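Atoms within a ligand are numbered from 1 in the order they appear, just like the ligands themselves. Scope of the values below: all heavy atoms of this structure, side chains included, with no hydrogens, waters or symmetry mates. Only a predicted model underlies this, so the values are computations on that prediction, with no experimental measurement involved.
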Amino acid sequence: MIRKRLLNRYVLFIIIFALLLTAIGCNQKEEPIIDQPTFSFEELQREIDIDRAMGYIRELVDFGPRMAGLRGEREAGDYLVNIFEDLSLSTNDEEFPVLVFEAINVELSLKVVDSIKPLKSNILTYSTSTPHGGLNNLPLVYGGLGKRTELTTIDFTNSIAVVHRGDIYLREKVLNCANKGAEAVIIINTDDAPIMATLIDESPIPAIAVSSSEGEKIIEALKDEATSGNLIVETTIEAGNSNNVIGVKKSSMDTSKILIIGAHYDSVNTSGANDNASGVGGLLEIATILKDVDLPFDIHYIAFGSEEVGLVGSNYHALTNYLEGRSNVIGMINLDMIGMGDYLSVNRENSHSSDFLSNIALAAALDLNLKTATSFSGRSDHSPFENLLIPVVFLAYGPLDPYYYHTEFDTFDTLDPQLIKNTIEVVLKTIVTLANNN
Ligand code: BES
Ligand code: ZN
């Protein structure tokens, strides 16, 4: 009797044990295993609304030129604050000082024998003005590319220096010519278009640029020693301020990790549709799609001000926030000029810096079967972050010497929405990869 009862208990025990095992087994099938992907790219991809992104771009372009420290930039900044607030991001208007530059008037002419030939020219950002009444009847002296080594035997005293674009920074050319006594400098472009570019800081002498065809006229006239130049440059350079507009999306998880996604919203004196309303439109669309997606890191969306005058906003942000500690920053994704071109260029500035983020973005672009290339460029807002050893990727549509860049032709109608969509997909796929590995 006792033995039978023991046997029954024994059988019962085995049955319960077996049931328990099955329950654990079933349970295991339902629970995701720890490193199984949790975030799906395809789900996010379906949320992309390219008309909405183009709408953001249209609004930015409609403010007119968004030049550093001036009305257009300020109004665009206010618009961005509103959008970030609508997306329930905690929004911060980070103000920083900038030299505000305005070009008022330029008149250049050649005096050949008794006739005056006016030439088309444009003022480089941060050029100073000519003295009251302008520079009159000054000899023009050619200085090659304006490199120091070329100028050793040249004296520009009481004359206007004429140099070609190329090889060294415009600022360096201007300083070299000023050191050799020049009253002003004319830079001849390599293309048949004006140069809209910055001298980074107030220049010691007036500096203007001409297209290659206007430049040829000057070179031709130089052959006659009797030729002289007249130049009036009027500009203002004043202390002012500009803003980075920052939208912070907090993770609900216990993390201090941050992913930065940035795009500059200022422009040169153009509509700046591709450069860089396109990048900001992409940024806003990404922020809209991710509004209710809880990721295992915070995202800082940053629309940078005053990029075009020398990366002033991104420098300010990187140096004030990450000079001391940067280890919690996973990386920085920079979008600049994503709406026109032939292939997606996946870049960073320097081949020695971290390729962690650029490799993930490159893999994403290749997975999406996009026409892709890699390159090195420090010409945009990722540069200050990369200098602080933060992993970066700079996404732009190539060629990196793009059509319509810094010209009046950089308008909304030239943008290709498909390219902007492609870039948004690459960013979302990069974010999914990061999220599933955190
Ligand atoms: N958007 C350009 C940079 C760029 C150029 C991106 C070509 C993609 C292709 C940027 O706004 C710019 O103009 N940068 C300046 C340099 C900066 C330090 C002022 C430039 O390239 O001259
Ligand atoms: Zn740009």
Quick check for students: name every N or O atom pair between ligand 1 and the protein closer than 3.5 Å, with distances.
| residue | atom | partner | partner atom | Å |
| --- | --- | --- | --- | --- |
| ligand 1 | 1 (N) | Asp275 | OD1 | 3.0 |
| ligand 1 | 1 (N) | Asp275 | OD2 | 3.3 |
| ligand 1 | 1 (N) | Asp336 | OD1 | 3.0 |
| ligand 1 | 1 (N) | Asp336 | OD2 | 2.9 |
| ligand 1 | 11 (O) | His264 | NE2 | 3.3 |
| ligand 1 | 11 (O) | Asp275 | OD1 | 3.3 |
| ligand 1 | 11 (O) | Glu307 | OE1 | 2.7 |
| ligand 1 | 11 (O) | Glu307 | OE2 | 3.2 |
| ligand 1 | 11 (O) | Glu308 | OE1 | 3.2 |
| ligand 1 | 11 (O) | Glu308 | OE2 | 2.9 |
| ligand 1 | 13 (O) | Glu308 | OE1 | 3.1 |
| ligand 1 | 13 (O) | Tyr405 | OH | 2.7 |
| ligand 1 | 13 (O) | His406 | NE2 | 3.1 |
| ligand 1 | 14 (N) | Arg379 | O | 3.0 |
| ligand 1 | 21 (O) | Arg379 | NE | 2.5 |
| ligand 1 | 21 (O) | Arg379 | NH2 | 3.0 |
| ligand 1 | 21 (O) | Tyr405 | OH | 3.1 |
| ligand 1 | 22 (O) | Tyr405 | OH | 3.3 |

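Residue pairs meeting the salt bridge (Lys or Arg N to Asp or Glu O under 4.0 Å) criterion with at least one partner in residues 237-250, sequence neighbours excluded, are Lys250-Asp298.
Applying the side-chain contact (heavy atoms from CB on, under 4.5 Å) rule to Glu107 yields the partners Asn105, Ile232; only residues at least two apart in sequence or on another chain are considered. Under the rule for a side-chain contact (heavy atoms from CB on, under 4.5 Å), the partners of Pro417 that lie at least two apart in sequence or sit in another chain are Ile50, Met54.
Side chain to side chain, Asp266 and His264 meet the donor-acceptor criterion of an N or O pair below 3.5 Å. Side chains of Ser213 and Asp192: a donor-acceptor N/O pair is present below 3.5 angstrom, by distance only. In the model, Ser377 has no side-chain atom that pairs as donor or acceptor with a side-chain atom of Asn347 under 3.5 Å.
Take the N/O/S atoms of Asp275: the one nearest the Zn ion (ligand 2) is OD1.
Geometry at the Zn ion (ligand 2): NE2/His264 and OD2/Asp336 form an angle of 90°, nearest 10 degrees.
No salt bridge links Arg46 with Glu42; every basic N to acidic carboxylate O contact stays at or beyond 4.0 Å.
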